[in-house]
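Below: the structure, in structure tokens.
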Amino acid sequence: MDVGLYLHFPFCVRKCRYCDFLSFPADEELKKIYAAAMIREIRGYAGTLEGRRVDSIYLGGGTPSVMNEGALKSIFRALGDSFDISPKAEITMEMNPGTVNTRILSFVFDCVNRVSLGVQSAVGEELSHLGRIHTAKDAEKSVRLLRDCGINNISIDLMSGIPLQTPESFRQSIQFAVDLEPSHISCYSLIVEEGTEYARLQKEGRLPLPDEETVSGMFHDAKTCLENAGYRRYEISNYAKDGMVCRHNVRYWKRGDYIGFGIGAASLFEHTRWRNTRKITDYIDNSHEPGRLVREMEQLDKKSEIEEFMFLGLRMDEGVSAEEFRSAFGIPIGDVYGDVIDEEVRKGLLIYDGERVRLTDRGLDVSNMVLSEFLF
Ligand code: SF4
């Protein structure tokens with residue numbers, strides 16, 4: 001069975017106003033020390049994936065593209081020395097359009113075959129409000145530069161429901177993204193998270209968000225515009241041209257095994273979930289012994305695995321397979337969820353044809369509510 005690797009780079013040029021990811025600005029010295037710690041952590045895993053082939057690697061953050069390209073190349077050498085990486089592995093790097101330069105492109109050229117570009121919006125005042133460090137022009141230029149260095153598998157991230165956004169400006173952003181002809185588009189709604197600057201502004205009544213109905217209209221507009229442009233929705237918020245789904249993210253939704261490196265990185269491996277320490281000093285001091293980085297380890301029991309199978313699998317357009325359920329858990333899906341499925345089918349929120357269970361278009365609108373029905 002193959003396995004995925006996730007590498008977390010927590011550094012950003014500056015913090016966006018809505019961001020609650022594990023990310024912060026740092027100087028070059030700290031980035032260098034962090035890269036060395038990650039190399040120690042990776043080498044500490046050498047031999048533990050014996051017989052397993054790596055077929056996806058994902059560099060996320062933060063902003064991996066603010067790292068020094070030489071440090072990233074050293075990290076990749078450590079990966080190559082420690083694991084059996086398929087020559088056909090999907091290797092994705094998240095990039096911020098404000099950080100694409102010739103030095104980082106030399107790493108991309110050598111080591112990466114897929115880039116996920118955080119564009120978010122094509123409208124200047126929306127980008128400024130979000131606290132993004134780039135313009136739409138930067139995004140256009142980044143796509144051009146990436147193509148010049150041989151990257152044709154490009155994903156663009158867009159956001160809906162952001163301050164100052166209108167249905168017209170959202171459609172303008174979608175059209176902007178489509179015109180760049182990426183192979184993949186992710187379109188997430190803004191969630192105001194506790195602890196962010198946006199949460200504070202919202203409490204003070206100073207966050208000009210579009211209302212719920214408008215945001216729901218944007219969700220529908222995204223589907224219509226992107227499907228008309230030849231993208232297929234394969235997950236609640238993700239669209240791809242034929243054959244261009246993100247293999248690494250599909251692994252998450254299908255509960256395949258993956259190992260995460262870096263602070264706060266999550267792993268799922270052989271029925272166990274864990275997360276690394278979120279403290280950078282802790283990480284740097286203990287990376288020579290990966291076992292000491294582990295926090296929140298949980299051996300998943302059958303009940304949790306069944307819940308996750310449904311909760312994550314139903315996010316995908318193809319839904320979950322009754323046969324895969326039976327083969328994973330040794331019981332028919334109807335024995336566990338027969339009543340829930342019948343009820344949601346009756347409400348028009350699920351479809352079940354005896355082979356697969358999946359959300360209907362109406363079910364997608366209230367997906368959080370439907371998915372929560374599958375929790376015990
Ligand atoms: S670039 Fe991404 S990770 Fe960094 S602060 Fe902005 S939203 Fe957060």
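Remember, predicted model here, so these are calculated numbers, not experimental data. Excluded from the calculations below are hydrogen atoms, water molecules and symmetry mates; all remaining heavy atoms, backbone and side chain alike, are included.
- Sorted by first then second residue, the ring-ring contact (aromatic ring centres under 6.0 Å, His included) pairs that include residues 185-218, not counting sequence neighbours, are H129-Y198.
- The pair D282-R295 meets the salt-bridge criterion, with a side-chain N (NZ, NE, NH1 or NH2) lying under 4.0 Å from an Asp/Glu carboxylate O.
- The pair E69-K73 fails the salt-bridge criterion, with no side-chain N (NZ, NE, NH1 or NH2) lying under 4.0 Å from an Asp/Glu carboxylate O.
- Residues meeting the side chain to side chain contact (heavy atoms under 4.5 Å, CB included) test with D285, sequence neighbours left out: none.
- Under a 4.0 Å N-O distance rule, the pair R346/E343 qualifies as a salt bridge.
- Classification of D221 and R171 as a salt-bridged pair holds, one side-chain N sitting under 4.0 Å from a carboxylate O.
- Here E308 pairs with R273 in a salt bridge; the nearest charged N to carboxylate O distance falls below 4.0 Å.
- Side-chain contact between C246 and E90 is present, with heavy atoms from C-beta onward closer than 4.5 Å.
- A 4.5 Å side-chain heavy-atom check between D257 and R52 finds at least one atom pair inside the cut-off.
- Checking each of Y6, Y45, Y34, Y58 against F261 for a ring pair (Phe, Tyr, Trp, His ring centres under 6.0 Å) leaves exactly one that passes, namely Y45.
- In this structure, E197 does not pair ionically with K15, as no charged nitrogen and carboxylate oxygen lie closer than 4.0 Å.
- With hydrogens and angles left out, the side-chain atoms of Y352 and E344 include no donor and acceptor closer than 3.5 Å.
- With respect to E181 and K241, no salt bridge is recorded, no charged nitrogen being found less than 4.0 Å from a carboxylate O.
- For F21 and H8, the ring centers are positioned 6.0 Å apart or more.
- Salt-bridge annotation for E194 and K203: present, with a side-chain N of the basic residue lying under 4.0 Å from a carboxylate O of the acidic one.
- Among F374, W253, F325, the single residue meeting the ring pair (Phe, Tyr, Trp, His ring centres under 6.0 Å) criterion with F309 is F325.
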